[in-house]
Amino acid sequence: MIRFEFSVDENEAPPPSGFDLGHMDVHGNREEASSRDRTPDQAMMIYLSLPLLMDGLRRFLPGRDRSFTTSAVDSSFSLAFRRARDGSIETLHDGAVIDRSSAKDLASAVHRGAERFARPRLPLLPEDDAGRDDLEKSLAEFGNFVTQLSAERQ
């Protein structure tokens with residue numbers, strides 16, 4: 001089963017900001033992909049990149065488009081998602097298939113990873129931080145989407 005991990009870069013100096021750089025790690029049933037330890041550096045503005053991923057998947061998964069690509073903010077790291085004929089979704093990085101899973105499993109994995117990232121970190125950001133606001137809104141909307149998707153698939 002696919003798993004997403006999001007983190008703030010170890011070299012970020014305090015105080016925390018919605019513009020902090022961070023990383024995305026994707027562990028699939030075929031491959032793994034990470035923004036870490038790459039040349040050039042592929043650290044991304046993590047608090048802004050997560051909403052792009054969730055909002056894009058929220059539009060792509062219930063639709064008919066065959067593919068969707070999301071790029072991280074201030075980074076060359078990207079992930080692509082491709083709909084197979086059987087309705088399953090392939091997750092790709094640099095053309096390599098990382099995982100093939102149902103839309104429900106993919107959405108649930110992204111949501112779990114985003115929740116694990118956000119729960120301890122969002123309270124550390126100032127309340128008026130734009131990155132905090134974007135991530136809180138996207139997380140709530142994506143959580144509702146995952147609940148709806150789970151109910152439809154049962």
Side-chain angles (χ1 to χ4, degrees), residues 1-9 16 18-36 38 42-125 129-154:
M1 180 177 252
I2 193 164
R3 189 175 86 243
F4 287 78
E5 295 176 7
F6 308 101
S7 61
V8 172
D9 192 86
F19 299 108
D20 282 349
L21 296 178
H23 294 284
M24 183 182 304
D25 298 288
V26 186
H27 308 274
N29 57 16
R30 296 183 186 181
E31 295 281 339
E32 294 185 356
S34 178
S35 61
R36 297 174 187 282
R38 294 170 117 9
Q42 291 187 354
M44 64 194 72
M45 289 185 180
I46 193 68
Y47 290 98
L48 303 178
S49 296
L50 260 169
L52 286 179
L53 172 63
M54 291 186 291
D55 294 349
L57 285 174
R58 194 165 43 86
R59 286 187 294 275
F60 169 69
L61 291 175
R64 294 185 181 267
D65 289 344
R66 301 279 297 145
S67 64
F68 159 67
T69 300
T70 185
S71 297
V73 177
D74 199 31
S75 171
S76 60
F77 186 83
S78 66
L79 291 174
F81 302 91
R82 186 169 57 203
R83 193 181 318 277
R85 293 189 193 277
D86 66 359
S88 64
I89 307 294
E90 290 180 328
T91 302
L92 302 95
H93 176 66
D94 286 344
V97 176
I98 300 167
D99 189 84
R100 186 175 189 152
S101 51
S102 69
K104 177 185 144 210
D105 287 346
L106 172 61
S108 294
V110 169
H111 187 250
R112 276 192 307 274
E115 279 281 341
R116 277 192 310 270
F117 171 78
R119 194 175 305 116
R121 287 174 184 83
L122 284 178
L124 303 176
L125 297 178
D129 188 286
R132 176 181 179 161
D133 188 54
D134 284 355
L135 184 51
E136 285 176 335
K137 286 178 182 173
S138 286
L139 200 51
E141 290 170 356
F142 199 70
N144 291 336
F145 170 72
V146 170
T147 299
Q148 179 184 6
L149 193 61
S150 295
E152 290 173 4
R153 304 284 185 202
Q154 291 181 356

Quick one: pull up [atom1] in [X] and [atom2] in [Y] and give me the separation to the nearest 0.5 Å.
X    : Y    : atom1 : atom2 : value
I46  : F19  : CD1   : CZ    : 14.5 Å
L122 : D129 : CG    : CG    : 9.0 Å
D94  : L79  : CG    : CG    : 9.5 Å
R83  : R66  : CZ    : CZ    : 8.0 Å
L92  : T69  : CG    : OG1   : 8.5 Å
L61  : F68  : CG    : CZ    : 8.5 Å

For the residue pair [X] and [Y], what are the closest heavy atoms and their distance?
X    : Y    : value
E115 : P120 : O-CD, 4.5 Å
G131 : L48  : CA-CD2, 3.8 Å
I2   : R112 : O-NH2, 4.4 Å
L149 : A107 : CD2-CB, 3.9 Å
A114 : L139 : CB-CD1, 3.6 Å
L52  : S71  : CD1-O, 3.7 Å

Test your reading of the model: is there a side-chain donor-acceptor pair from [X] to the backbone of [Y], 3.5 Å cut-off?
X   : Y   : answer
S75 : Q42 : yes
D25 : S34 : no
S7  : G22 : no

Go through it in stages, so that I can follow the logic: the residues are E141 and K137, the test is salt bridge (Lys or Arg N to Asp or Glu O under 4.0 Å), and I'd like the CA-CA distance, side-chain angles, deciding distance and then a yes or no. CA-CA 6 Å; E141 290 170 356; K137 286 178 182 173; over 6 Å; no
Side chain to side chain, M1 and N29, heavy atoms closer than 4.5 Å: no
Can you find a heavy atom in the side chain of I89 that is under 4.5 Å from one in the side chain of F60? yes
Partners passing side-chain contact (heavy atoms from CB on, under 4.5 Å) against S138 (at least two apart in sequence or in another chain): P51, M54, D55
With sequence neighbours left out, the residues meeting side-chain contact (heavy atoms from CB on, under 4.5 Å) with R121 are V8, Y47, F117
Only counting residues at least two apart or in another chain, list the ones meeting ring pair (Phe, Tyr, Trp, His ring centres under 6.0 Å) with H93. F77
Audit row: R59, D65, side chain to side chain contact (heavy atoms under 4.5 Å, CB included) steps and yes/no: CA-CA 9 Å; R59 286 187 294 275; D65 289 344; over 6 Å; no
Only one of H23, M24, H27 forms a side-chain contact (heavy atoms from CB on, under 4.5 Å) with E5, so which one is it? H27
For S76 and R38, does a side-chain donor sit closer than 3.5 Å to a side-chain acceptor? no
Please work out whether the ring planes of F6 and F4 are parallel, tilted or perpendicular, with thresholds of 30° and 60°. parallel
